[in-house]
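The chain is numbered in sequence order, starting from 1. Computed from a predicted model, the values in this text were never measured in an experiment.
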Amino acid sequence: MQKKTAARIGMVNFINTAPLYDVWQRIVHRPEWRITEAPPTTLNRMLFNNELDLGFISSHEYAAHPFQYRILSDLSISATGPVGSVFLFSMLKPQDLSGKRVLLSSKSQTSAGLVKIILEEFYQVTPMYVSGEVLPVSCAHQDAENKTEETISAVLAIGDDAIRLDTIGDYPVRLDLSDVWRRHTGLPFVFAVWAVREDFLTKHPDCVNEIHQQLLHCLSIGKDELSEISRRVAPKIPMPPDDCFAYLSGIEYDLAPDKQKALNLFFKYLIKRAEGAPDAVPLKIC
C-alpha cells in the first residue's frame with residue numbers, strides 16, 4: 001500500500017473560519033493531515049519557518065514573501081463592505097489621531113497594515129503605533145515593549161476580540177476597516193488567503209490538490225449549513241445565534257477577479273510603505 005503524504009496545515013482559530021473548519025472537523029478524517037490552530041500572525045511565522053506546509057495566512061505575509069508561496073484558488077477570508085470583525089475602536093475621530101497612540105492587535109499583520117494605510121493615506125494622519133493585547137477601555141492597556149500603562153486613543157481589534165469589544169461598546173467611534181477600504185477604493189478587501197509553500201507543492205502536488213479539493217468541498221457544505229453552524233459556534237464569543245449568522249453571512253470565502261484586483265492594490269500600498277516585497281508582488285494562484 002502506498003504511503004499517504006503527511007501535511008502540516010494551519011487553520012485560523014477565529015469563528016470566521018467556521019463555515020469551512022466546522023465541517024472539516026466533522027467529515028475529514030485524515031490523521032496524516034495535522035492541523036495547527038492559531039491566530040494569523042502565528043501561522044504566518046510557522047509557514048515561513050517551514051513549520052507548516054500550507055494554511056490560512058495574512059495577505060500581508062504573502063506580500064512580504066511572495067516567492068515562498070503559491071495561493072490556492074477560490075479560497076480567502078474577505079468582505080465586500082463591512083466585515084464585522086476588523087475594527088478600529090477610537091475615543092477620537094480618525095482625523096484627530098495624529099500624534100496619538102494607537103494600539104495594534106498583535107494577532108494580524110494584514111489588519112495592522114490596513115489600518116496604517118487607512119489612517120495615513122485616506123485620513124492623512126500619522127499616529128504613534130504600539131503593538132500588544134487588546135483589552136476593553138475600562139482595563140489598562142499595557143505597552144507590549146515597555147510594560148508601562150499608557151493612554152491609548154484607539155485600538156485595532158480583529159476576529160473574536162473585535163466582536164467582543166464591539167459588544168461591550170466602550171469606544172464612541174468605530175471604523176469597520178473593510179467598509180472604509182470599500183468606500184475609498186470601490187473594492188472588497190482580502191484579509192487572508194490559503195497559501196502553500198512552493199517547495200511542498202513541488203514535491204507533493206497531488207497531496208496539495210487533494211487538500212485543496214477537500215477545503216472547497218467543506219466550504220460548500222458549510223454555506224448550506226450556515227444556520228446550524230452559527231448556533232454551534234456563537235457561544236464562543238458569546239453572541240446570539242442570529243447575530244452570529246448575520247456576521248458569518250457577511251464573510252466571503254472566494255478569490256474572484258475583484259478580490260485579486262483588491263489584493264494587487266493592497267500590495268501596491270504595502271510596497272509604497274516598504275512593508276511588502278521591494279518590487280511588484282506576483283499573484284501566483286494554483
Side-chain angles (χ1 to χ4, degrees), residues 6-22 24-25 28 33-72 75-79 83 85-88 102-116 129-135 141-145 147 155-165 177-178 189-201 208 211 215 218 233 236-237 251 253 263 266-267 270 275-277:
R8 301 166 298 173
I9 303 171
M11 182 67 69
V12 175
N13 59 0
F14 301 150
I15 67 167
N16 58 16
T17 63
L20 187 160
Y21 190 37
D22 179 87
W24 177 285
Q25 290 175 302
V28 179
W33 296 349
R34 189 170 73 250
I35 296 286
T36 295
E37 297 180 15
T41 48
T42 301
L43 299 183
N44 297 342
R45 173 185 55 76
M46 293 182 70
L47 193 65
F48 179 74
N49 290 335
N50 196 20
E51 298 169 27
L52 294 172
D53 301 309
L54 70 164
F56 258 139
I57 62 166
S58 299
S59 301
H60 188 290
E61 171 62 19
Y62 180 85
H65 307 105
F67 298 103
Q68 190 106 344
Y69 312 121
R70 194 81 61 91
I71 295 174
L72 301 187
L75 291 167
S76 75
I77 296 178
S78 53
V83 66
S85 58
V86 182
F87 288 107
L88 181 69
V102 174
L103 177 65
L104 305 180
S105 168
S106 57
K107 294 182 179 180
S108 173
Q109 293 171 204
T110 296
S111 298
L114 177 59
V115 78
K116 291 176 183 178
Y129 303 108
V130 295
S131 179
E133 181 183 0
V134 173
L135 300 170
H141 293 298
Q142 284 198 324
D143 184 298
E145 181 178 352
K147 302 299 182 185
V155 300
L156 165 68
I158 70 163
D160 298 356
D161 288 341
I163 298 172
R164 295 186 185 102
L165 205 56
L177 298 190
S178 180
F189 191 79
V190 181
F191 292 95
V193 295
W194 268 94
V196 56
R197 288 180 57 90
E198 287 276 14
D199 51 4
F200 187 79
L201 178 62
V208 173
I211 293 171
L215 290 168
C218 289
V233 302
K236 286 184 62 179
I237 299 301
I251 305 292
Y253 300 93
L263 274 176
F266 180 56
F267 294 163
L270 292 178
E275 291 186 23

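Across His60 and Gly113, no two heavy atoms sit closer than the pair CD2-CA, 4.5 Å. Pairing each heavy atom of Leu47 with each of Leu54, the nearest pair is CD1-N, 3.6 Å. The two atoms that bring Glu198 and Tyr69 nearest to each other are OE2-O, 3.4 Å, heavy atoms only. Across every non-hydrogen atom of Ala7 and Phe200, the tightest pair is CB-CZ, 3.9 Å. For the residue pair Leu88 and Leu156, the shortest heavy atom distance occurs at CD1-N, 4.0 Å. Nearest heavy atom pair, residue Thr41 against residue Ser106, reads OG1-O, 3.0 Å.
A search for side chain to side chain contact (heavy atoms under 4.5 Å, CB included) contacts involving Asn50 returns Arg8, Asp53, Arg197, not counting sequence neighbours. With sequence neighbours excluded, the residues that form a side chain to side chain contact (heavy atoms under 4.5 Å, CB included) with Arg164 are Asp160, Asp161, Ile237.
Looking at Leu20 and Leu75, their side chains come closer than 4.5 Å, going by heavy atoms from C-beta outward. Between Phe191 and Ile158, every side-chain heavy-atom pair lies at or beyond the 4.5 Å cut-off.
Of the listed residues (Ile71, Val190, Ile251), just one forms a side-chain contact (heavy atoms from CB on, under 4.5 Å) with Ser76, and that residue is Val190.
Below 30°, between 30° and 60°, or above 60°: for Trp194 and Phe56 the angle between ring planes is between 30° and 60°, a tilted geometry.
The backbone N or O of Thr110 lies less than 3.5 Å from no partner atom in the side chain of Ser59, so there is not a single donor-acceptor pair.
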